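First the structure, in the form of structure tokens, and then the observations on it.
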Amino acid sequence: MARMNLDIDVLRTLATAYQLGSFNRAAEQVGRSQSAISQQIHKLEERVGQPLFRKQGRGLALTEAGEVLLTYARRILDLNDEAVNAVTGLAIGGAVRFGMPGDFAETWLPAALGRFKRAHPTARVEATVDRNTSLIERLNKGQIDLALILGLEADTGGEVLANFPMAWIGSNHSALNSGEPVPLAVFEKPCFFRSAALAALDAAEIPWRIEFTSPSLAGLWAAVDAGLGIAVRTSVSAPPHLANVGNRLRLPKLPAVELRLHSAGRTLTPASARLREILLETLPDEIASRRRSTQAKPQLTLVGAEKAARDRSNRKPSKTRRA
């Protein structure tokens, strides 16, 4: 029996169509007509003998066969791109100074940075894991070239990758007795997650107390895991053994937060531009799906907007209700 060979260009179209959520958007990105993209997918479906996409509202969703094929397509494309870049990408050298929040430092980003290093072995990545305020300051001073930043929806600058609701994160055993102040595990000031938590509780006239303060995300999660307090962060960045306890404990609604990729409006070096491409190509599924529904705003410099964000985070909430 003759083996079936899958066309890498068509597999790339499949991955692009899924990432962007429509054939029309995929056509714009790959420079083909929508009918040509539809025809490619149709021929691929005929080749594998299974439908790969189904309509879901105004967008597209994968069938079970499509999900299986997409998993293999990504692996094939990664190997293909690494092979090509290993040969042609040797000319990309120099250093890339990259900053990231601790929320993604142990999951998505190591894979992205590893892929970059394999493709461009002569380039050097200087990665920094730090809090938003420090990353923003270093980015504005030109001490890092590219940074992932978690910020409030009202902030401007950079490319929006995803929008997440903030969440009350606790252990599965977290409980509150009637009238008991909400025990909080928070970052040291300034921190907009901390400010949002206190402002929401004050607005709902719910008493609270700072039970644990940490300078690091690892310390924060350890405190939550030990039952010392409840933290405000995003569900996507929380450890899998912790839970969103907001509804169960009847805690107030929180604002949304955006994940942005910032360069402070500067022209990227070839190495930095390639790292940016790889970061976007390796987005986790949850972030990629949220990105499809988020329209990226024009890239702006950070100075004014981020200064305003820092000023807001430094303000003390009115009518603080300490226990």
Side-chain angles (χ1 to χ4, degrees), residues 1-89 104 106-116 118-119 159-165 234-238 240 259 261 274 276-296:
M1 178 180 177
R3 289 186 178 273
M4 179 191 304
N5 291 318
L6 298 175
D7 189 321
I8 287 181
D9 286 338
V10 180
L11 294 181
R12 197 176 300 279
T13 298
L14 169 71
T16 302
Y18 171 75
Q19 182 181 25
L20 298 179
S22 76
F23 291 157
N24 187 41
R25 293 176 187 171
E28 292 176 359
Q29 180 157 318
V30 301
R32 296 190 178 187
S33 66
Q34 183 176 349
S35 60
I37 295 297
S38 299
Q39 188 175 18
Q40 271 192 315
I41 297 298
H42 180 64
K43 287 183 177 179
L44 181 60
E45 289 177 327
E46 288 184 338
R47 191 155 186 78
V48 300
Q50 297 284 345
L52 303 176
F53 283 100
R54 57 183 173 81
K55 280 287 187 180
Q56 186 176 64
R58 295 183 178 180
L60 295 172
L62 289 171
T63 63
E64 184 176 352
E67 291 177 355
V68 172
L69 185 57
L70 178 64
T71 300
Y72 284 102
R74 285 173 169 168
R75 290 167 58 186
I76 292 169
L77 292 170
D78 284 347
L79 286 172
N80 176 82
D81 294 347
E82 282 186 21
V84 172
N85 288 328
V87 177
T88 63
F104 309 103
E106 297 181 3
T107 52
W108 154 43
L109 293 174
L113 296 178
R115 176 174 168 181
F116 175 85
R118 290 192 298 273
E159 178 183 359
V160 178
L161 300 185
N163 181 293
F164 304 104
T234 66
S235 294
V236 71
S237 61
L259 177 65
L261 186 58
R274 181 58 187 142
R276 176 189 172 277
E277 291 176 0
I278 289 178
L279 287 168
L280 297 180
E281 290 169 1
T282 57
L283 289 174
D285 285 344
E286 183 168 358
I287 296 178
S289 64
R290 290 178 181 272
R291 186 181 182 228
R292 288 197 295 271
S293 61
T294 301
Q295 183 176 2

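None of the values given here were measured: they were computed from a predicted structure.
Listed by first then second residue, pairs satisfying ring pair (Phe, Tyr, Trp, His ring centres under 6.0 Å) with a partner in residues 26-47 number zero, not counting sequence neighbours. Contacts classified as salt bridge (Lys or Arg N to Asp or Glu O under 4.0 Å) and involving residues 40-49 (residues at least two apart or in different chains) are not found. Sequence neighbours left out, the pairs with a member in residues 65-74 that pass side chain to side chain donor-acceptor pair (under 3.5 Å) are R74-D285.
Smallest separation of non-hydrogen atoms from P51 and A65: O-CB, 4.0 Å. The two residues A112 and L279 have their closest heavy-atom pair at CB-CD2, 3.9 Å.
Between the side chain of T13 and the backbone N or O of I37 there is no donor-acceptor pair closer than 3.5 Å.
With sequence neighbours excluded, the residues forming a side chain to side chain contact (heavy atoms under 4.5 Å, CB included) with E277 are R274, E281, listed by chain and number. Among residues two or more places apart in sequence or in another chain, the side chain to side chain donor-acceptor pair (under 3.5 Å) test is passed with S33 by S35. With sequence neighbours excluded, the residues satisfying side chain to side chain donor-acceptor pair (under 3.5 Å) with T234 are S237. The salt bridge (charged side-chain N to carboxylate O under 4.0 Å, His left out) search around D78 returns R115, not counting sequence neighbours. Checked against side chain to side chain contact (heavy atoms under 4.5 Å, CB included), V10 has the following partners two or more places apart in sequence or in another chain: D7, Q40, L44. When the side chain to side chain contact (heavy atoms under 4.5 Å, CB included) test is applied to T16, the partners found at least two apart in sequence or on another chain are R12, L20, A26, Q29, V30. For A111, the side chain to side chain contact (heavy atoms under 4.5 Å, CB included) criterion is met by no residue, not counting sequence neighbours. Annotation: side chain to side chain donor-acceptor pair (under 3.5 Å) contacts of R75 (sequence neighbours excluded): none. Remark: F104 engages W108 in a ring pair (Phe, Tyr, Trp, His ring centres under 6.0 Å) (not counting sequence neighbours).
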Step-by-step side-chain contact (heavy atoms from CB on, under 4.5 Å) determination, L62 to F53: CA-CA 4 Å; L62 289 171; F53 283 100; 3.4 Å; yes
Stepwise side-chain contact (heavy atoms from CB on, under 4.5 Å) test for T282 and L109: CA-CA 9 Å; T282 57; L109 293 174; over 6 Å; no
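The CG atom of L77 sits 8.5 Å away from atom CG of L14, with the distance rounded to the nearest 0.5 Å. Taken to the nearest 0.5 Å, the CG atom of L161 stands 5.5 Å off from the CG atom of L261. To the nearest 0.5 Å, atoms CD1 (I76) and CG (L11) are separated by 5.5 Å. Note that CD of Q50 and CG of L69 are 10.5 Å apart. Values are rounded to the nearest 0.5 Å.
Here the side chains of V48 and L6 are in contact, with some heavy-atom distance below 4.5 Å.
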